[in-house]
Visitor: 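After the structure tokens below, expect a handful of questions from me.
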Amino acid sequence: PEAIKAMMGLEQTVEAMGLDRKLVHLIKLRASQINGCAYCIDMHNREARADGERQQRLDLLSAWRETNFFDERERAVLGWTEALTLISETNGPDADYEALAAVFDEKERIAVTLAIGAINAWNRFAIGFRTPVPRVKE
């Protein structure tokens with residue numbers, strides 16, 4: 001319970017930083033796709049749709065570079081999400097940071113980076129403890 005309480009506190013901090021919910025959904029989904037976290041992919045897809053995200057954008061998120069469906073800020077967030085989620089491979093490239101810094105101020109960059117760190121931690125909990133994906137009635 002203490003660990004979940006700490007993680008929920010982290011989520012509340014991310015939310016309090018005022019980052020656009022659409023961006024947070026993209027961060028959570030893209031990191032979860034990279035990490036292969038079925039539980040989080042399912043949950044965050046449903047949350048994004050409930051907040052008005054278009055299904056086509058969600059369907060194409062893993063191929064975001066190949067579409068024109070994401071604006072400059074979203075593309076910067078997605079690039080930074082991939083760079084930090086795969087940090088052992090990427091080392092957080094300057095080009096990805098510079099793309100982020102070009103369209104986000106310092107407070108926003110901190111919020112984006114904290115959101116990326118949080119979802120990566122959640123993915124590790126969900127995968128590590130074998131959290132099953134609940135069946136949803138359609």
Visitor: Side chain to side chain donor-acceptor pair (under 3.5 Å) with Glu108: which residues, sequence neighbours excluded?
Guide: Arg73

Visitor: Above 12 or not: heavy atoms from other molecules or residues under 6.0 Å from OH of Tyr39?
Guide: no

Visitor: Determine, step by step, whether Arg75 and Asp71 satisfy the salt bridge (Lys or Arg N to Asp or Glu O under 4.0 Å) criterion, reporting the C-alpha distance in whole Å, the side-chain angles of both residues, the deciding distance to 0.1 Å, and the verdict.
Guide: CA-CA 6 Å; Arg75 295 175 81 74; Asp71 66 27; over 6 Å; no

Visitor: Quick check: does any side chain N or O of Arg30 sit under 3.5 Å from a backbone N or O of Leu78, one acting as donor and the other as acceptor?
Guide: no

Visitor: If you group Ile, Leu, Val, Met, Phe, Trp and Tyr by side-chain heavy-atom gaps below 4.5 Å, do Leu10 and Ile127 land in one group?
Guide: no

Visitor: Looking at Asp42 and Arg46, is any side-chain nitrogen of the basic one under 4.0 Å from a carboxylate oxygen of the acidic one?
Guide: yes

Visitor: Heavy atoms only: give me the nearest Ser32-Asn123 pair and the separation to one decimal.
Guide: OG-ND2, 3.0 Å

Visitor: If you take all heavy atoms of Ala118 and Glu11, which pair is closest and at what distance?
Guide: CB-OE2, 3.7 Å

Visitor: Should Thr90 and Glu82 be marked as a side-chain contact (heavy atoms from CB on, under 4.5 Å) after you check the CA-CA gap, both sets of side-chain angles, and the distance that decides it?
Guide: CA-CA 9 Å; Thr90 69; Glu82 290 181 357; over 6 Å; no

Visitor: Measure the NE2-SG distance between His44 and Cys37 for me, rounded to the nearest 0.5 Å.
Guide: 7.5 Å

Visitor: In the structure I gave you, are the side-chain heavy atoms of Pro134 and Met43 within less than 4.5 Å of one another anywhere?
Guide: no

Visitor: Using the rule given for salt bridge (Lys or Arg N to Asp or Glu O under 4.0 Å), can you reason through Glu74 versus Arg57, listing the C-alpha separation, both sets of side-chain angles and the distance that settles it, and then say yes or no?
Guide: CA-CA 12 Å; Glu74 292 167 334; Arg57 282 173 35 107; 2.9 Å; yes

Visitor: Please determine whether ring pair (Phe, Tyr, Trp, His ring centres under 6.0 Å) holds for the pair Trp80 and Tyr97, giving the CA-CA distance in whole Å, both sets of side-chain angles, and the decisive distance to 0.1 Å.
Guide: CA-CA 7 Å; Trp80 194 234; Tyr97 180 79; 5.5 Å; yes

Visitor: With a 6.0 Å cut-off (strictly less than), is the heavy-atom count around CD of Gln55, excluding the residue itself, greater than 12?
Guide: yes

Visitor: For a 4.5 angstrom cut-off between non-hydrogen side-chain atoms, does Leu61 reach Phe69?
Guide: no

Visitor: If you look at every heavy atom in Met7 and Ala121, which pair is closest and at what distance?
Guide: CE-CB, 3.6 Å

Visitor: When clusters are formed by joining ILVMFWY residues with side-chain heavy atoms under 4.5 Å apart, either directly or through shared neighbours, do Ile34 and Leu84 land in the same one?
Guide: no

Visitor: Looking at every heavy atom in both Ala48 and Leu29, which two are closest together, and how far apart are they?
Guide: CB-CD1, 4.2 Å

Visitor: May I ask you to test the Leu23-Val112 pair for a side-chain heavy-atom distance under 4.5 Å?
Guide: no

Visitor: Could you check whether any side-chain heavy atom of Ile110 comes within less than 4.5 Å of a side-chain heavy atom of Met17, counting everything from C-beta outward?
Guide: yes

Visitor: Under the side-chain contact (heavy atoms from CB on, under 4.5 Å) rule, what do Leu86 and Glu89 come out as? Steps first, then yes or no, please.
Guide: CA-CA 6 Å; Leu86 298 167; Glu89 299 171 25; 4.0 Å; yes

Visitor: Do the side chains of Thr131 and Trp122 get nearer than 4.5 Å, heavy atoms only?
Guide: no

Visitor: Side-chain contact test, heavy atoms from C-beta onward, threshold under 4.5 Å: evaluate it for Ile119 versus Val24 and give yes or no.
Guide: no

Visitor: Can you find a pair of side-chain heavy atoms, one from Pro1 and one from Ile4, that are under 4.5 Å apart?
Guide: no

Visitor: To the closest 0.5 Å, what do you measure between OG1 (Thr85) and CG (Asn120)?
Guide: 4.0 Å

Visitor: Does Gln12 have any side-chain contact (heavy atoms from CB on, under 4.5 Å) partners at least two apart in sequence or in another chain, and if so, which?
Guide: none

Visitor: As a quick check of understanding, evaluate salt bridge (Lys or Arg N to Asp or Glu O under 4.0 Å) for Glu53 and Lys22, giving each step before the final call.
Guide: CA-CA 7 Å; Glu53 184 60 82; Lys22 181 186 279 188; 5.2 Å; no

Visitor: Could you tell me the separation between the CZ atom of Arg54 and the CZ atom of Arg49, rounded to the nearest 0.5 Å?
Guide: 14.0 Å

Visitor: Looking at every non-hydrogen atom in both residues, tell me the closest pair between Val103 and Ala76 and how far apart they are.
Guide: CG2-CB, 3.8 Å

Visitor: In the single-linkage hydrophobic clustering (I, L, V, M, F, W, Y; side-chain heavy atoms under 4.5 Å), do Trp64 and Leu60 co-cluster?
Guide: yes

Visitor: In terms of heavy-atom contacts, does CZ of Arg135 have more than 12 from other residues, nucleotides or ligands at under 6.0 Å?
Guide: no

Visitor: Taking the side chain as every heavy atom from C-beta outward, state whether Ile87 and Asn91 have any pair of such atoms under 4.5 Å apart.
Guide: no

Visitor: Enter the distance from Thr113:OG1 to Leu100:CG here, rounded to the nearest 0.5 Å.
Guide: 6.0 Å

Visitor: Determine the minimum heavy-atom distance between Phe70 and Leu26, stating which atoms define it.
Guide: CE2-CD2, 4.0 Å

